[in-house]
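Single-structure report; data block below.
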Amino acid sequence: MLDALTVAVAVTALALAAWCGFAAYRDQPTKDWHFLAMAVVSLLALAQLVVGIVRLSGGARPDQGMTIFIAYLIGAFLAVPAAGFLSLTERTRWGSVTVAAGAVVLAVLEVRLYDIWGN
């Protein structure tokens, strides 16, 4: 895996979590700018998914098993879009809380992906 990409995904996810957490604190739902930030984080996660698949197809193998690595890659890719979809159904402050939680989950998944790969 690319360490810089893993750090970039985790840092942007934590920034999104802080921003949406602040919106929830101010009793605001997710807004268009939040969805733009979710798109940026999701594109970074998609890039990581593609890099991970390319590395696996090139012969590289994670230390802790390929199946668990692929599962974490897919979960990391889906964490923020799933939270964003749920925030659309809950147009209150709890939608912002949902996105913040999904972004924190993504950051934790990034740490775990780094560990699974064996760095």
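Remember, it's a predicted structure, so these values are computed and weren't measured experimentally. This chain uses plain numbering: 1 for the first residue, then up along the sequence.
No side-chain heavy atom of Leu44 sits less than 4.5 Å from a side-chain heavy atom of Glu110. Between Val99 and Leu16, some side-chain heavy-atom pair lies under the 4.5 Å cut-off. Side-chain contact between Cys20 and Thr98: absent, with no pair of heavy atoms (C-beta onward) separated by less than 4.5 Å. Proximity of Glu90 to Val97: side-chain heavy atoms (C-beta onward) are nowhere separated by under 4.5 Å. Side-chain contact check for Ile116 versus Asp63: every heavy-atom pair is 4.5 Å or farther apart. A heavy-atom distance below 4.5 Å is not found between the side chains of Gln64 and Trp117. Between Phe35 and Ser87 the shortest side-chain heavy-atom distance falls below 4.5 Å.
Atom CZ of Arg55 is separated from atom CZ of Phe69 by 8.5 Å, given to the nearest 0.5 angstrom.
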| Verdict with supporting geometry, Leu73 and Leu113, side-chain contact (heavy atoms from CB on, under 4.5 Å) | CA-CA 7 Å; Leu73 266 179; Leu113 276 169; 4.1 Å; yes
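Not counting sequence neighbours, Arg61 has no partner by the salt bridge (Lys or Arg N to Asp or Glu O under 4.0 Å) test.
Transitive grouping of hydrophobic side chains (ILVMFWY, heavy atoms separated by less than 4.5 Å) brings Leu46 and Leu109 into a common cluster. No continuous path of ILVMFWY side-chain contacts below 4.5 Å connects Val108 to Tyr114, so the two sit in separate hydrophobic clusters. The same ILVMFWY cluster, assembled from side-chain heavy atoms under 4.5 Å apart, contains both Leu78 and Ile68. The hydrophobic cluster containing Leu86 does not contain Leu106, counting ILVMFWY residues as joined when their side-chain heavy atoms lie under 4.5 angstrom apart, directly or transitively. Residue Phe77 is grouped with residue Ile53 when hydrophobic side chains (ILVMFWY) are merged at heavy-atom distances under 4.5 angstrom, including chains of intermediate members.
With hydrogens and angles ignored, the 3.5 Å screen pairs a side-chain donor or acceptor of Arg93 with a backbone N or O of Ala24. The backbone N or O of Thr30 lies less than 3.5 Å from a partner atom in the side chain of Arg91, making a donor-acceptor pair.
Within 6.0 Å of the CZ atom in Phe85, the count of heavy atoms belonging to other residues, nucleotides or ligands does not exceed 12.
With hydrogens and angles left out, the side-chain atoms of Gln28 and Ser96 include no donor and acceptor closer than 3.5 Å.
As a member of the Ile/Leu/Val/Met/Phe/Trp/Tyr network built from side-chain separations under 4.5 Å, Val7 groups with Val11. In the hydrophobic clustering (ILVMFWY side chains linked at under 4.5 Å, chained through shared members), Phe22 is joined by Tyr25.
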